[in-house]
Amino acid sequence: MASNLSAAPDFRLTIPQSDKRRPIFFTATIRKSSIKKRLPISCNSSQSSPKTSQNLKESPNPKNPSLSDQLKPLSATTLSTTKDQRTHLLSKPKSTWVNPTKPRRSVLSLQRQKRSPYSLNPKVKELRLFAQKLNDCDSSSESAFISLLEQIPYPLTRENALLILNSLKPWQKAHLFFNWLKTQNLFPMETIFYNVTMKSLRFGRQFELIDNLANEMVSNEIELDNITYSTIITCAKRCKMFDKALEWFERMYKTGLMPDEVTYSAVLDVYAKLGKVEEVLSLYERGVASGWKPDPITFSVLAKMFGEAGDYDGIRAGKPGLARSLFEEMVESGLTPNEKSLTALAKIYGKARWAKDAMELWERMRSNDWPMDFILYNTLLSMCADLGMEEEAERLFEDMKRSEHCRPDSWSFTAMLNIYGSGGNASKAMELFEEMSELGVDINVMGCTCLIQCLGKARRIDDLVRVFNVSIEGGVKPDDRLCGCLLSVVSLCEESEDANRVLTCLQQANPRLVALVRLIEDEKTSYETVKEEFRAIVSDTAVEARRPFCNCLIDVCRNRNLHGRAHELLYLGTLYGLYPDLHNKTVDEWSLDVRSLSVGAAHTALEEWMGTLSKFVHRKKELPEIFSAHTGTGTHKFSRGLANAFASHVEKLSAPFRQSEERAGCFVATRVLRSGNWISSTSKIKFNSSTVKIL
DNA sequence: GTAGGGTTAG
C-alpha cells in the first residue's frame with residue numbers, strides 16, 4: 001500500500017457533540033482534516049508539530065490500529081452493547097469473544113516489555129556516596145555541581161553513569177547530569193538514559209522538559225519504548241495535561257509500537273480521569289478480547305472510575321455492579337487483590353450503600369488474610385460511616401489500635417467521629433475527642449466538622465463551644481464547610497442564647513456570614529441590601545458550601561418565623577444558580593426536586609411552587625396532568641428525614657400530594673380532567689381533594 | 001525514587 005504521510009488521515013479521536021451524554025457507547029469517528037464539526041476529545045487539543053510527526057515515521061498501515069479504531073463502538077464490530085450484555089461480557093469474556101473465523105486484531109502486546117538485566121556494579125557503594133555528594137551540593141549553583149562532577153573518582157562507564165543518574169535528586173540535578181553526559185560523548189545515549197531522566201523529571205512534574213526530550217529522541221532516532229511512552233503519558237496525566245497524554249498515545253500507535261499492559265492501563269486511567277467511562281470500557285473490552293488478563297492495577301483504575309462515575313443518589317447507574325463483576329473475575333482468575341484494589345472496592349460499596357456486599361467483602365478479607373494497610377483501614381472505616389455500621393467500625397478501630405503498622409491516625413479518628421456523628425451518638429463522639437487529646441492525635445477540620453454537627457444536633461452547646469475553641473487552638477483552620485455546619489447549628493437552636501454562642505464561634509471563622517445573619521434577622525433590612533451582601537458572600541464561598549449556606553440561612557429564617565425573608569433567600573439562591581435543577585416542566589408533568597434542599601428550604605420551595613400554580617389557576621392557563629415533588633428516599637444519611645418532613649408539611653397545607661408507590665422518594669398529585677377546578681385560598685393554593693384524584 | 005501503570009474522608 002502506498003504511503004503518503006502528508007495525506008495520511010487525521011486519526012484523532014473525536015466525539016460527536018450530540019453524543020456526549022449518551023449512556024452507553026459513544027460514537028468514535030475517524031476524522032478527515034476537512035471535517036471540523038466534531039469536538040476533539042480534549043478541549044485544548046494541540047497537534048504535534050509537522051516536523052515531529054514526520055520523524056515519528058507514522059504509518060497508516062492497518063496493522064497499526066489508531067486509537068480511534070480501538071474506540072470504535074463495539075456494535076459496529078462484533079458485540080452488541082447493552083448494559084446487561086456488558087455485565088455478562090465482563091464476567092465471561094472468553095466465551096463471548098470466541099470467533100474462530102475472524103480473530104480480532106490485537107490492541108495491546110500481551111508481553112510486558114522486558115527490562116535490561118541488572119548488572120552488578122562492584123563500585124555501587126562508592127558511586128552512591130558520590131551521588132549523595134552531588135545531591136548535597138548547593139542546588140542554586142550549576143557550576144559548583146558541574147565542577148564536582150568533573151572530580152568523579154571513577155571511570156564514567158555506561159553502568160556507572162546510569163547508577164548515578166538513578167540516584168540523583170531533585171529533578172534539576174538529574175537533568176543537569178544528563179545534559180552534561182551528552183556533552184561528554186563517552187557512549188551513545190540509549191533509551192534507558194532518557195527513561196531514567198524522564199522519570200526524575202516526572203517527580204518534578206516537568207512535562208514540557210519531558211516533551212522536549214521525547215521529541216529529541218525522535219529527531220535523533222533513539223527508540224521510544226513502552227517505558228518511555230508510559231512515563232510521558234503518566235507525567236502528562238499528573239500535570240493534568242490529558243490531551244498531551246492522549247496525543248502521545250496516538251503517536252505511539254502511529255509508529256507501530258504496541259502498548260503493553262502498563263502503558264495500556266496508564267491510558268485507561270487518563271480516560272477515567274477525563275470521566276470518559278464508555279471509552280475506558282471500550283478499550284478495556286478490546287484489551288480483554290485480545291487475550292489480556294487485567295491485573296489488580298487495572299482493576300483499581302476501573303474501580304476508582306466506577307466509584308466516581310456512579311449517581312449514588314439516583315438510580316445507581318449500574319457502575320458498582322460492574323466493579324463487583326470485575327473484582328470477582330479478577331479473584332476467580334487467581335489474582336490476589338491487594339490493598340489498593342480493595343480500597344477502591346470498599347469505597348464503591350460504601351458510596352453505593354451496599355451493606356451486604358461490604359460485609360461479605362470484609363469477611364473475605366479476614367478469612368483469606370488479604371493484605372491491609374492503613375489507607376485500606378481508613379477507607380473501610382469511611383465505608384462503615386456511609387453504611388452506618390457502627391459496631392463493625394469499632395471492631396476495625398480496635399484492630400488498628402492493636403496493630404503494629406496501622407495505628408489510628410487523624411483520618412481514622414475523623415472516620416469514627418463521622419460514624420458517631422451521623423449515628424447521633426454524641427457521648428461516644430466526645431469520648432473519642434478526649435482520647436485524641438490523650439494520644440496526641442490532632443483533630444483536623446473534617447473531624448471538627450463531624451463532631452460539631454453531632455453536638456449541635458444533640459444541642460450540647462457547651463461541648464460544641466469547647467471543641468471549637470480547642471480545635472482552633474490546635475491549629476484547625478475553619479473552612480467553608482465548617483462554617484456551614486456552625487450555621488446549621490444556629491438554625492437548630494431554639495434559645496437565642498445558644499444561637500448567639502454558636503454565632504460567636506462562627507464570628508471567629510467567618511464574621512461576614514454572621515453579619516449577614518444579623519441583617520436577615522432584622523425585618524427592617526431591605527431586600528436589596530440582603531441581595532448585595534448575599535451575592536458577595538456566596539461568590540467568596542467554596543462552590544460545595546454555597547448551597548448549604550443558603551439552605552441554612554433559609555432554615556434560620558423559618559425558625560424565626562421570617563417566612564418572607566426565607567422566600568427572598570430561596571429566590572436569591574435560585575438567581576445565583578445554587579438550585580439549578582429545582583424545577584422541571586414537561587407537557588405532562590411539572591416536578592419539583594428538593595433532594596438537595598434542607599427541610600426549611602424544601603418547605604419554602606413547595607410554598608413558592610404552589611403559589612405559582614395558584615397564579616396559573618387564576619389565569620386559567622393550561623396545567624399538566626401530573627405534579628410531582630422529589631424528596632429522595634433518604635438512603636443517604638444527610639437526606640434522611642426530608643421525606644417525612646415534606647409529608648407533614650404537605651398535610652399541613654392540605655396539598656393533595658401523596659407518596660408514590662411506584663416512584664420511590666416521590667410525591668405525586670394529578671389533575672382530574674373532568675373538573676380542573678383548582679381552588680385557591682389566601683396565600684396558599686389548596687388542591688381540593690374532591691376534584692383532584694390522588695395517586 | 002534504582003527505567004514505566006492504580007489507594008483514604010466532612
Side-chain angles (χ1 to χ4, degrees), chain A residues 112-116 118 121 124 127-128 131 135 162-171 174 190-200 202-204 224-235 237-238 259-270 272-273 294-305 307 337-347 350-351 373-386 409-419 421-422 444-454 479-482 484-485 544-545 548 637-638:
Chain A
R112 192 186 289 212
Q113 183 183 319
K114 293 263 189 308
R115 297 187 188 203
S116 47
Y118 211 90
N121 192 321
V124 62
L127 285 162
R128 285 239 170 91
N135 285 341
L162 260 181
L163 210 150
I164 292 172
L165 186 59
N166 255 318
S167 319
L168 286 179
K169 54 190 162 185
W171 62 269
E190 301 160 36
T191 304
I192 188 169
F193 284 91
Y194 281 88
N195 289 351
V196 175
T197 307
M198 282 185 183
K199 186 184 175 189
S200 189
R202 194 182 60 176
F203 279 114
L224 284 81
D225 60 16
N226 258 287
I227 296 177
T228 322
Y229 282 110
S230 60
T231 310
I232 299 169
I233 288 164
T234 53
C235 179
K237 183 173 68 185
R238 288 178 198 183
D260 65 7
E261 67 171 338
V262 176
T263 313
Y264 203 73
S265 65
V267 170
L268 288 185
D269 195 38
V270 173
K273 292 230 155 42
D295 65 359
I297 293 185
T298 309
F299 171 77
S300 299
V301 167
L302 293 165
K304 182 158 190 252
M305 177 185 77
N338 64 18
E339 300 89 331
K340 290 173 184 169
S341 331
L342 292 164
T343 297
L345 198 64
K347 195 173 146 184
K351 281 173 108 178
D373 65 5
F374 74 97
I375 293 181
L376 178 53
Y377 263 118
N378 287 343
T379 306
L380 287 169
L381 286 177
S382 300
M383 179 188 83
C384 291
D386 282 332
D409 62 358
S410 64
W411 286 69
S412 328
F413 274 98
T414 303
M416 291 305 293
L417 286 171
N418 187 13
I419 289 163
S422 43
N444 59 27
V445 65
M446 298 181 197
C448 178
T449 307
C450 293
L451 187 49
I452 282 183
Q453 185 172 318
C454 172
D479 61 9
D480 290 339
R481 290 214 210 178
L482 175 54
C485 172
E544 76 272 12
K637 66 179 178 231
F638 300 120

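Keep in mind that what you see is a predicted model, and the values were worked out from it rather than measured. Chain letters run A, B, ... following the sequence lines, proteins first and then strands; every chain starts at 1.
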Taking the side chain of [X] as its heavy atoms from C-beta onward, which of [options] lies nearest to it?
{"X": "A/Thr263", "options": "B/dG5, B/dG4, B/dT8", "answer": "B/dG4"}
{"X": "A/Ser116", "options": "B/dA3, B/dG10, B/dT8", "answer": "B/dA3"}
{"X": "A/Val301", "options": "B/dG6, B/dG5, B/dG10", "answer": "B/dG6"}
{"X": "A/Ile375", "options": "B/dG10, B/dA9, B/dT7", "answer": "B/dT7"}
{"X": "A/Asp269", "options": "B/dG6, B/dT8, B/dA9", "answer": "B/dG6"}
{"X": "A/Ser167", "options": "B/dG4, B/dG5, B/dT2", "answer": "B/dT2"}
{"X": "A/Lys237", "options": "B/dT8, B/dT2, B/dG5", "answer": "B/dG5"}
{"X": "A/Asp295", "options": "B/dG10, B/dT7, B/dG5", "answer": "B/dG5"}
{"X": "A/Lys169", "options": "B/dG10, B/dG1, B/dG5", "answer": "B/dG1"}
{"X": "A/Thr231", "options": "B/dG4, B/dA3, B/dA9", "answer": "B/dG4"}

Do you see a donor-acceptor pair shorter than 3.5 Å between the side chains of A/Asn418 and A/Asp386? no
Does [X] get its side chain close enough to the base of [N], under 3.5 Å, for a donor-acceptor pair?
{"X": "A/Thr298", "N": "B/dG5", "result": "yes"}
{"X": "A/Asp479", "N": "B/dG10", "result": "yes"}
{"X": "A/Asn338", "N": "B/dT7", "result": "no"}
{"X": "A/Asp260", "N": "B/dG4", "result": "yes"}

Are any side-chain N or O atoms of [X] and backbone N or O atoms of [Y], one a donor and one an acceptor, separated by less than 3.5 Å?
{"X": "A/Thr228", "Y": "A/Asp225", "result": "yes"}
{"X": "A/Asp269", "Y": "A/Thr234", "result": "no"}
{"X": "A/Asn195", "Y": "A/Ile227", "result": "no"}

Output the rounded distance in Å from [atom1] ([X]) to [atom2] ([N]).
{"X": "A/Leu162", "N": "B/dA3", "atom1": "CG", "atom2": "P", "answer": "9 Å"}
{"X": "A/Arg202", "N": "B/dG6", "atom1": "CZ", "atom2": "C1'", "answer": "12 Å"}
{"X": "A/Met198", "N": "B/dT2", "atom1": "CE", "atom2": "P", "answer": "19 Å"}
{"X": "A/Lys340", "N": "B/dT8", "atom1": "NZ", "atom2": "P", "answer": "10 Å"}

With heavy atoms under 4.0 Å as the rule, sort [X] into base, sugar-phosphate or nothing.
{"X": "A/Ser341", "answer": "base"}
{"X": "A/Arg112", "answer": "base"}
{"X": "A/Ser200", "answer": "base"}
{"X": "A/Thr234", "answer": "sugar-phosphate"}

Testing A/Asp409, A/Asn378, A/Asn444 for side chain to side chain donor-acceptor pair (under 3.5 Å) with A/Thr414, which one passes? A/Asn444
Does the pair A/Met383 and A/Leu380 meet the rule for a side chain to side chain contact (heavy atoms under 4.5 Å, CB included), with working shown? CA-CA 5 Å; A/Met383 179 188 83; A/Leu380 287 169; 3.9 Å; yes
